[in-house]
Amino acid sequence: MRILTVLSLVIALYCGLDPFHHSAIHDFPHFVSSKVNMPLWSSVPTMRDPLNLLQNSEIKFLNQIQGPESLAFDPQGRGPYTGIADGRIVFWDGHNWIDFAFTSNNRNFLQLVFSGDNSGRVLKYDPTTQKATVLVKDLQFPNGVSLSKDGSFFLFAEGCIGRLSRYWLKGDKAGTSEIFAILPGFPDNIRTNKDGDFWVALHCHRTLYAHFTAEYTKIRHFLLKLPIPSRIHYLLQIGGRLHAVVVKYSPEGELKQILEDSEGKVVRAISEVEENNGKLWLGSVLMPFVGVYNLA
């Protein structure tokens, strides 16, 4: 009994002091856990892709680029262009990746995911006046933004909550926002296709663990202070393994299609879906490749 008592004390001291700095939030002394107002579990869409169609994707540019998060093609159809982990924006000229522009390589998104920080905003920038205007504030991990085909509204993703919101630009509701869709997972970027539908990349499906820790901030903070690496917390958040999910919504908010690689056999941790010439180009902030799925 005495040995168990001493062992318990040693474990408690180790967890409390974290002498080897294994805690996920050790490098963030001012870390604060904020409550995330998750939607009711019963409101989460249950549609799945039992065929795991994304496993039919082709892998391109393997180990040529790291973290191709966003993808785009220019009006002449050239590309893709993509932002990568070291802060560069690069362009595929048909033979090689060419430097196109330089940004920042600061991608500490896990801190935002773990904290539920609600300081996010959606901004409008006027290149004529060179001034920015805050359209929406107090958001938890706002991410992708995409304009509707008719220009009457745009959608933006709220990563911690797992939903899309619509901001009206025209009509009686201009200048207001509303919930557009509750998502089956946690979103990254949004892209509008030529038909006016919205492709949304989901970093992962929802999990009961993520739902529970989002609501109970003290428990989440306690778990994050334990000497457990960020990688383990991240895997708990996403259900134990990397996988891939993309969804398509109509302009009215109807969930029209879901594509998955639920086992992560081919594509994983998708951060963007760009539809181009009948194919989906799949980017990932974590992977060293681009996936291409043929819609035909």
Side-chain angles (χ1 to χ4, degrees), residues 38-57 69-72 109 113 140-149 153-167 178-208 210-211 237-239 241-276 278-287 290-296:
M38 287 291 199
L40 294 174
W41 191 262
S42 59
S43 68
V44 176
T46 57
M47 182 189 294
R48 298 297 297 261
D49 171 17
L51 299 178
N52 279 302
L53 290 173
L54 288 184
Q55 291 184 1
N56 298 320
S57 300
E69 179 178 10
S70 296
L71 298 161
F109 70 94
V113 172
Q140 293 174 299
F141 202 173
N143 211 340
V145 176
S146 193
L147 186 68
S148 67
K149 184 178 180 180
F153 66 90
F154 67 80
L155 297 184
F156 62 91
E158 296 179 79
C160 288
I161 297 175
R163 73 184 180 194
L164 301 180
S165 290
R166 169 166 43 196
Y167 186 93
E178 62 190 12
I179 296 173
F180 180 79
I182 302 299
L183 299 168
F186 299 108
D188 205 312
N189 287 315
I190 313 167
R191 284 292 178 267
T192 311
N193 68 8
K194 60 182 178 58
D195 299 319
D197 295 324
F198 298 93
W199 283 109
V200 186
L202 302 185
H203 192 79
C204 63
H205 272 294
R206 293 179 185 269
T207 64
L208 288 173
H211 204 85
Q237 287 279 331
I238 68 173
R241 63 182 171 189
L242 293 168
H243 54 278
V245 193
V246 302
V247 291
K248 183 170 72 171
Y249 280 87
S250 72
E252 295 73 37
E254 176 193 356
L255 176 56
K256 299 180 69 174
Q257 190 173 9
I258 182 167
L259 301 170
E260 299 184 53
D261 181 351
S262 62
E263 299 173 335
K265 287 185 176 181
V266 180
V267 288
R268 299 173 290 281
I270 295 175
S271 57
E272 181 162 296
V273 187
E274 176 71 19
E275 184 176 339
N276 185 62
K279 296 180 179 180
L280 298 182
W281 292 71
L282 312 171
S284 172
V285 67
L286 300 178
M287 297 295 111
V290 173
V292 180
Y293 176 75
N294 195 334
L295 288 168

- Query: What distance separates Leu242 CG from Met287 CE, expressed to the nearest 0.5 Å?
  - Reply: 5.0 Å
- Task: Calculate, to the nearest 0.5 Å, the distance between atoms NZ and CG belonging to Lys256 and Asp195 respectively.
- Result: 7.0 Å
- Heavy-atom pair of closest approach, residues Asp261 and Val267: OD2-N, 3.2 Å
- Message: Please determine whether side-chain contact (heavy atoms from CB on, under 4.5 Å) holds for the pair Trp281 and Glu272, giving the CA-CA distance in whole Å, both sets of side-chain angles, and the decisive distance to 0.1 Å.
- Response: CA-CA 8 Å; Trp281 292 71; Glu272 181 162 296; over 6 Å; no
- Message: Less than 4.5 Å apart, side chain to side chain, heavy atoms only: is that true for Leu202 and Ile270?
- Response: no
- Message: As an exercise, state the distance from OG1 of Thr192 to CZ of Phe154, rounded to the nearest 0.5 Å.
- Response: 12.0 Å
- Measure from NZ or CZ of Arg163 to the centre of the six-membered ring of Phe180, then state whether that distance is under 6.0 Å and the direction lies within 45° of the axis. no
- Message: Measuring only between side-chain heavy atoms, which start at C-beta, is Leu286 closer than 4.5 Å to His203?
- Response: yes
- Interatomic spacing from NZ in Lys265 to CG in Asn52 - rounded to 0.5 Å: 8.0 Å
- Item | Non-hydrogen side-chain atoms of Leu54 and Asp49 separated by less than 4.5 Å | no
- Note on the structure: Interatomic distance, CD1@Ile179 vs CZ@Arg166, rounded to 0.5 Å, equals 11.5 Å
- Item | N-O pairing of Arg191 and Glu275 below 4.0 Å | no
- Query: With ring centroids as reference points, do Phe198 and Tyr249 lie under 6.0 angstrom apart?
  - Reply: no
